[in-house]
Amino acid sequence: MPIEQIHDLPAGTLGFRGTGLVSADDYRAALEPAIDAAVEAGGPVNLVYVLGDDFERYSLGAMWEDARLEGVPHRAWGRFALVTEHEVLAEAVHLMSFLFPGELRIFPGHHEAEAIAWASGTAG
């Protein structure tokens, strides 16, 4: 599956790894249910999203699903760590970061552990 959940993260932290071509169906099957459950649980949604070398691109439908995440209540968002070596994508996210209701930070691909620590609030 192009979006796989990253397990064994600190409590209150969701993690996903995008690979290949990410579609709207991938969002609906993996990301949305996990985010909805985190919102229902009442804690902030802290998210780590890793787009490694094997990530190709988003379909138009996936981009739409990404935009629909704006429907999550603003107070529900905590920290969002994007981990990627895809410079164009990282720059696009950086330029749009003012639209994100929580804290956003972009990490290079080899800093996944640091991104997890930051997103979860366990960084020393």
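Just so you know, these numbers use all the heavy atoms, side chains as well, and skip hydrogens, waters and symmetry mates.
For the atom pair Asp25 CG and Ser59 OG, the distance stands at 8.0 Å (nearest 0.5 Å). In this structure, CH2 on Trp77 lies 11.0 Å from CG on Leu104, to the nearest 0.5 angstrom. Atoms CG and CG, on Leu47 and Leu31 in that order, are 6.5 Å from each other to the nearest 0.5 Å. Considering CG of Leu51 and OG1 of Thr84, their distance stands at 5.0 Å, rounded to 0.5 Å. How far OH of Tyr49 is from CD1 of Ile106: 14.0 Å, rounded to the nearest 0.5 Å.
Put simply, the side chain of Ser120 never gets that close to the backbone of Thr13: no donor and acceptor are under 3.5 Å apart.
When hydrophobic clusters are built by joining Ile, Leu, Val, Met, Phe, Trp and Tyr residues whose side-chain heavy atoms come closer than 4.5 Å, directly or via intermediates, Leu60 is grouped together with Phe55.
The nearest pair of heavy atoms linking Leu21 to Asp26 is O-OD2, 3.7 Å. Annotation for Leu14 and Ala34: closest pair CD1-O, 3.7 Å, computed over non-hydrogen atoms.
The side-chain hydrogen bond (donor to acceptor under 3.5 Å, both in side chains) test applied to Asn46 returns no partner, not counting sequence neighbours. Legend: residues meeting side-chain hydrogen bond (donor to acceptor under 3.5 Å, both in side chains) with Thr19, ordered by chain and number and at least two apart, are absent.
Side-chain atoms of Ile35 and Tyr27, non-hydrogen and from C-beta on, never get closer than 4.5 Å to each other.
Here Val83 is tied into one hydrophobic group with Ile6, Leu9, Val48, Val50, Phe107, Ile116, Trp118, each link being a pair of ILVMFWY side chains closer than 4.5 Å.
Within the structure, no pair that satisfies the salt bridge (charged side-chain N to carboxylate O under 4.0 Å, His left out) test touches residues 51-62, not counting sequence neighbours. Evaluation of the side chain to side chain donor-acceptor pair (under 3.5 Å) test over residues 85-97, restricted to residues two or more places apart or in two chains, returns Glu85-His110. Every pair passing salt bridge (charged side-chain N to carboxylate O under 4.0 Å, His left out) that includes a residue from residues 99-116 is listed here, sequence neighbours excluded: Arg17-Glu112, Arg79-Glu103, Arg105-Glu114.
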